Amino acid sequence: MLHIKCPHCGIRSQNEFSYGGDATIKRPELGKEISDQDWDNFVYNRKSLRGKHWELWQHLSGCRQWIKVQRDTATHEIFKTLKANEEIS
Amino acid sequence: MTQSFRLESGGLINRDKKISFKFNGKNYFGYEGDTLASALIANGVHLIGRSFKYHRPRGFFGAGVDEPYAIVQLYRNGETEPNIKATEQELFEGLEAKSVNCWPSVNFDVGAINNFLKIFLPAGFYYKTFMWPKSFWYKIYEPFIRKAAGLGTASIKHDKERYEHKYEYCDLLITGSGPSGLASAYSAAKNGAKVILAEDKSRFGGTLLTSDVNIGNQSGKEWADSIVSELKEMSNVTIKNRSQVFGYYDHNMLVMSERISDHLPKTKKYHPKQRLWYIRAKEVLISSGSIERPIVFGNNDTPGVMLSSAAKEYMKVYGVLVGKKPLVFTNNDSGYETAIEFKKNGVDPIILDTRKEPQSEIIEEAKNMNINIRNSYVVVAAQGYKKVKSADIAKISDDKEEIGSVENIKCDCICVSGFWTPTIHLASQSGNKTKFNEEIDAFVPGVSKQNEKTLGAANGIYTLEETLKDSFEKGNQISKEITNNDNKVSFPNVVEKKSTIHDKFWCVPLPKGKNYKRFLDFQNDVAVSDIEIALKEGYRSIEHVKRYTTLGMATDQGKTSNLNGLQLVSKIENKVVPAVGHTTFRPPYSPVSIGAIVGREVGKHSKPTRKSPMHSWHEKNNAVFVDAGVWLRPRYYKRGDENLFEASKREAKNVRTNVGVCDVTTLGKIDIKGPDAAELLNRVYTNAWLKLPVGKARYGVMLREDGIVMDDGTTTRISENHYHMTTTTAQAANVLSHLEYYLQLVWPELNVNVVSTTEQWAGAAIAGPKSREVLKKLFPNSDVTNEGLPFMGYMEGDLFGVKAKIFRISFSGELAYEVNVESDYGYFMWEKIIEVGEEFGIQPYGTEALSTLRIEMGHVAGSELDGRTIPYDNSLEGLLSKKKDFIGKRSLSRKAFAAEDRQKIVGVVPLDKKTSIPEGSHLVKDSNAPLPNPKLGYISASCWSVEHDNPFSLAILKDGKNMIGEKLFVMSPLKNKVIPVEIVSSHYVDPKGERVRS
Ligand SMILES: [Zn+2]
């Protein structure tokens with residue numbers, strides 16, 4: 001079980017969180033024309049990366065904030081966590 | 001009955017307390033402090049089971065967790081448990097155990113023909129033998145395997161025992177209470193660190209209990225006892241016996257199973273049987289010791305062949321002789337310690353040492369005791385079927401390739417020592433890349449990945465002095481960094497006998513013309529020949545060899561077999577062992593009961609049970625409840641001897657003709673506030689929301705980004721910037737997360753707050769043509785006429801002094817209202833509704849009637865919004881705004897979603913107007929078409945239409961738009977039903993929707 005540092009609450013156990021997928025995906029702007037390919041990339045196509053990965057988690061049983069977590073998908077090492085409004089650097 | 005193998009004195013057992021027990025139906029006795037294994041051996045019982053594959057007789061091989069075979073079925077206090085190691089099970093009064101893997105009995109075993117039909121079960125036998133013909137699998141192979149194999153039988157009774165879970169945090173977790181565990185725990189504790197010390201056996205001390213050493217002025221055991229009693233007094237130390245740390249998981253979390261009551265005849269009141277500890281440790285010190293390795297020789301699985309360390313433990317801890325004519329077969333000095341112990345107890349052993357001229361203090365002592373030692377000797381094969389009767393022994397050449405002439409000597413046990421294998425399971429599980437240590441021919445932990453260090457024998461350190469020194473130091477260092485204290489412990493004087501190097505010999509060659517089975521893996525019956533076949537057949541990776549032959553699998557996880565298996569593969573492949581590499585060690589290190597893993601989250605405790613504030617009223621009025629997610633909801637209210645069908649029909653009919661009331665508290669409710677609330681709704685729902693006036697409700701559908709319907713419900717504008725959203729019971733939590741996702745991550749510029757208010761409101765739906773009459777009585781001061789409160793209108797009202805929200809919305813398709821009051825007034829509201837509704841014939845209705853009403857009305861619910869349908873499929877396309885964008889809109893123009901013959905919701909009526917249609921059935925054109933019969937659609941929901949008094953179903957049907965009027969067949973292979981049906985509109989009642997507006 002992972003130990004995740006919520007930027008709002010501190011270190012908490014994984015079972016308080018739910019997983020939200022790739023944090024680098026940007027939702028296309030509303031009302032803007034978009035090709036089938038680009039839309040499919042947004043909705044479906046994800047890389048299954050081995051190694052460092054920015055992903056979303058929601059602190060469901062805590063502050064209910066969505067947070068960004070940089071985790072190594074192979075080793076589960078967590079390098080950094082950010083608030084929802086903080087940019088991934 | 002006498003215990004013919006019990007020593008006159010000695011051991012750590014309590015000889016004043018006799019304990020009687022039963023094994024395979026026979027009565028025996030042992031002493032308090034015995035294990036089932038030690039008590040059986042004391043009674044001269046060596047045959048405990050049959051092996052997994054060949055059904056060869058099995059005895060005892062180890063004395064603890066290392067035991068690969070002595071697995072029994074245990075009976076305790078009216079319950080039974082499989083997969084219990086006799087070497088670990090402590091004896092208690094009334095214990096009963098039975099052999100496994102043998103049918104019909106341990107002495108006469110049908111499966112043992114496998115042993116004589118050798119060709120039947122070579123490596124990969126499952127894959128090869130049971131491949132063909134397919135029909136044989138169910139009829140012949142499977143029943144045979146099931147009957148003949150397996151490690152016991154799980155109970156099918158409800159387990160009445162309690163199992164606890166505990167979460168714990170500590171500075172240092174130390175796994176094992178041998179010399180390294182005690183020393184490191186002691187120095188860490190002295191620095192004030194929060195320490196957990198876990199020992200899997202009942203006695204603390206590990207090898208200190210059996211080795212002939214002195215620490216300070218005390219014997220090893222006395223020293224261990226004094227350290228343990230000091231640790232027990234310290235408030236910063238938790239010290240647990242019967243506790244196995246079996247898994248090392250991510251972020252330094254380890255799991256330990258504590259067997260609290262398994263050693264007692266029955267669990268004490270208020271005590272759990274077992275407790276599972278989730279321990280998050282800052283640092284972990286692995287002091288799990290090492291396990292003796294066998295040497296491989298012919299028939300080395302015969303009962304009576306066992307590890308020499310186990311033989312010593314049976315003598316020193318339990319006062320039990322494993323044999324009276326022992327042969328000790330060794331490649332190192334450890335075997336001598338066992339031989340010396342035999343000799344001290346008046347038994348004459350013979351030592352066969354594979355080494356030519358070894359010299360050390362220990363060997364010197366053995367010589368001085370006149371123990372018969374033969375150098376450069378090996379056991380070629382054990383003889384005897386159910387117990388060792390003799391051994392074929394021979395001289396071995398210096399290069400270990402040739403054996404001399406074979407001679408047979410009488411013996412009743414063979415104690416074998418092939419040196420020691422560090423127990424690196426936990427280190428390996430933590431992600432530590434282990435490395436091969438040439439000196440000890442075994443893997444040891446390498447570079448740490450998590451915060452773990454390995455001490456003593458588990459790290460390949462085999463002298464007590466070095467182990468203690470290193471462990472005291474590591475315990476001090478690591479704790480110092482956490483607590484900033486530095487209380488040095490003075491290092492005691494250690495007296496131990498020096499040993500010399502071991503011989504790397506591990507496998508005795510076969511004599512010419514003999515084809516003895518030489519086992520590597522005793523639990524899984526993997527012999528040298530099996531590995532040879534696997535390699536001949538082209539398996540190379542050790543992971544593949546493992547799976548093909550089952551080497552190192554199952555509950556044993558290769559404790560005694562791993563290294564010899566690797567030695568063999570590396571020898572055949574002409575590689576060095578580290579190049580072959582070991583297989584991955586999987587948790588659990590040792591079996592853990594399912595009960596412990598599940599803990600208390602069982603049955604009704606697996607999830608919280610949520611009840612509405614009106615629950616007790618429902619109970620008093622004969623409600624029959626149903627689980628709806630985590631909620632308990634009335635399914636129907638039983639009158640007299642009505643069944644579900646009759647009751648729900650009555651309730652639904654009463655709604656259509658008079659008025660009914662339904663508890664809708666469980667609906668998800670989300671409070672939405674902020675200047676951009678309307679904009680949020682406009683993006684989340686598919687229809688337009690910007691112009692909804694205050695005091696009006698609107699039905700909305702929300703999609704996922706992939707265009708699939710996520711949920712539906714009504715949302716009401718309470719005031720300018722305040723909305724009250726309802727969701728389905730099932731999706732309430734998901735919808736809230738969904739909204740939070742968009743507000744926090746996608747559109748943080750929207751100034752909106754959302755919060756769940758599901759539990760804050762109690763809700764009652766009042767539905768039926770007479771519902772307005774009820775409402776008038778409930779709210780005499782409000783204008784609830786069709787003009788004052790039109791369809792989809794909202795107002796606040798005063799319900800006999802209680803503030804209420806009144807929504808004119810309908811799920812039943814009738815004129816209907818939903819009234820919400822604060823939860824604490826829910827019961828009051830409900831009683832008032834029943835009271836004032838009485839004159840109009842009001843009846844409560846449950847979820848079954850609720851379903852009937854919505855199905856015949858063609859309103860979709862969870863069974864249609866099942867994560868596979870888009871708005872069109874549910875005939876909700878009218879709610880798709882063309883003018884604005886919304887979540888998921890872009891996906892709806894994808895080709896499949898826009899296909900001409902896209903699936904659509906329809907109604908289904910059986911032609912005979914009688915036969916009920918099972919939900920989940922398929923719709924087909926031709927009921928006699930060859931299989932697989934093309935499926936056109938499926939039945940999503942079924943009811944008995946109270947309006948038409950015949951069965952009616954909803955279905956999602958391919959090209960549903962053009963299928964109205966078609967005759968099809970409903971097929972339910974599960975229920976073996978074929979029903980001719982007609983496809984009709986999904987709106988079976990009031991298709992124009994006039995009633996809700998009346
Ligand atoms: Zn948080």
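Labels below follow one simple rule: chain letters A, B, ... track the order of the sequence lines, proteins then strands, and each chain is numbered from 1. Here the structure is a predicted model, which is why all the values come from computation and not from measurement. When reading the values below, keep in mind they use all heavy atoms of this one structure, side chains included, and skip hydrogens, waters and symmetry mates.
Neither the backbone nor the side chain of A/Ser18 comes within contact range of chain B, judged by heavy atoms closer than 4.5 Å. Looking at A/Lys68, only its side chain comes within 4.5 Å of chain B, counting heavy atoms on both sides. With a 4.5 angstrom heavy-atom cutoff, A/Ile78 touches chain B via backbone and side-chain atoms both. Both the backbone and the side chain of B/Ser891 come within contact range of chain A, with heavy atoms under 4.5 Å apart. Proximity to chain A (any heavy atom under 4.5 Å) is restricted, for B/Lys449, to the side chain, taken from C-beta onward. Of the two parts of A/Ile34, the backbone and the side chain both hold a non-hydrogen atom closer than 4.5 Å to a non-hydrogen atom of chain B. The parts of A/Trp66 that come within reach of chain B are both its backbone and its side chain, each placing non-hydrogen atoms under 4.5 angstrom from that chain. The contact between B/Tyr167 and chain A is made entirely by side chain atoms (from C-beta outward), counting heavy-atom distances below 4.5 Å.
Interface remark: of the candidates B/Arg280, B/Arg683, B/Lys889, B/Arg280 forms the most heavy-atom pairs closer than 4.5 Å to chain A. Interface summary for chain B: among A/Pro28, A/Ala23, A/Gly20, A/Ser35, the most heavy-atom pairs under 4.5 angstrom belong to A/Ser35.
Heavy-atom neighbours of A/Arg50 CZ from other residues, nucleotides or ligands within 6.0 Å: at or below the threshold of 12. Around the CG atom of A/Asn41, the shell of radius 6.0 Å holds more than 12 heavy atoms that belong to other residues, nucleotides or ligands. In the displayed structure, B/His605 atom NE2 is contacted under 6.0 Å by at most 12 heavy atoms of other residues, nucleotides or ligands. In A/Ile88, the CD1 atom is crowded: over 12 heavy atoms of neighbouring residues, nucleotides or ligands sit closer than 6.0 Å. Residue B/Glu749 qualifies as enclosed at atom CD: its count of foreign heavy atoms under 6.0 Å is above 12. Residue B/Glu481 places its CD atom among 12 or fewer non-hydrogen atoms of other residues, nucleotides or ligands, all under 6.0 Å distant.
The distance from the CD atom of A/Gln14 to the CE atom of B/Met253 is 9.0 Å, given to the nearest 0.5 Å. Going from atom CG of B/Leu736 over to atom CZ of A/Arg64 covers 4.0 Å, rounded to the nearest 0.5 Å. Rounded to the nearest 0.5 Å, atoms CD (A/Glu77) and CD (B/Gln450) are 10.0 Å apart. Taking NZ of A/Lys26 as the start and CG of B/Leu745 as the end, the distance is 9.0 Å to the nearest 0.5 Å. One distance of note links OH of B/Tyr278 with CE of A/Met1; it measures 6.0 Å at 0.5 Å rounding.
A donor-acceptor contact shorter than 3.5 Å links the side chain of B/His251 to the backbone of A/His3.
Applying the side-chain contact (heavy atoms from CB on, under 4.5 Å) test between B/Arg890 and each of A/Leu30, A/Asp38, A/Asp36, A/Asp40 identifies A/Asp36 as the sole match.
No side-chain heavy atom of B/Gln744 sits under 4.5 Å from any side-chain heavy atom of A/Lys83. Residues B/Tyr249 and A/Leu2 form no side-chain contact, since every pair of their non-hydrogen atoms from C-beta on lies 4.5 Å or further apart.
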Between B/Glu740 and A/Gln65, does a side-chain contact (heavy atoms from CB on, under 4.5 Å) hold up when you go through it step by step? CA-CA 8 Å; B/Glu740 287 165 336; A/Gln65 294 300 302; over 6 Å; no
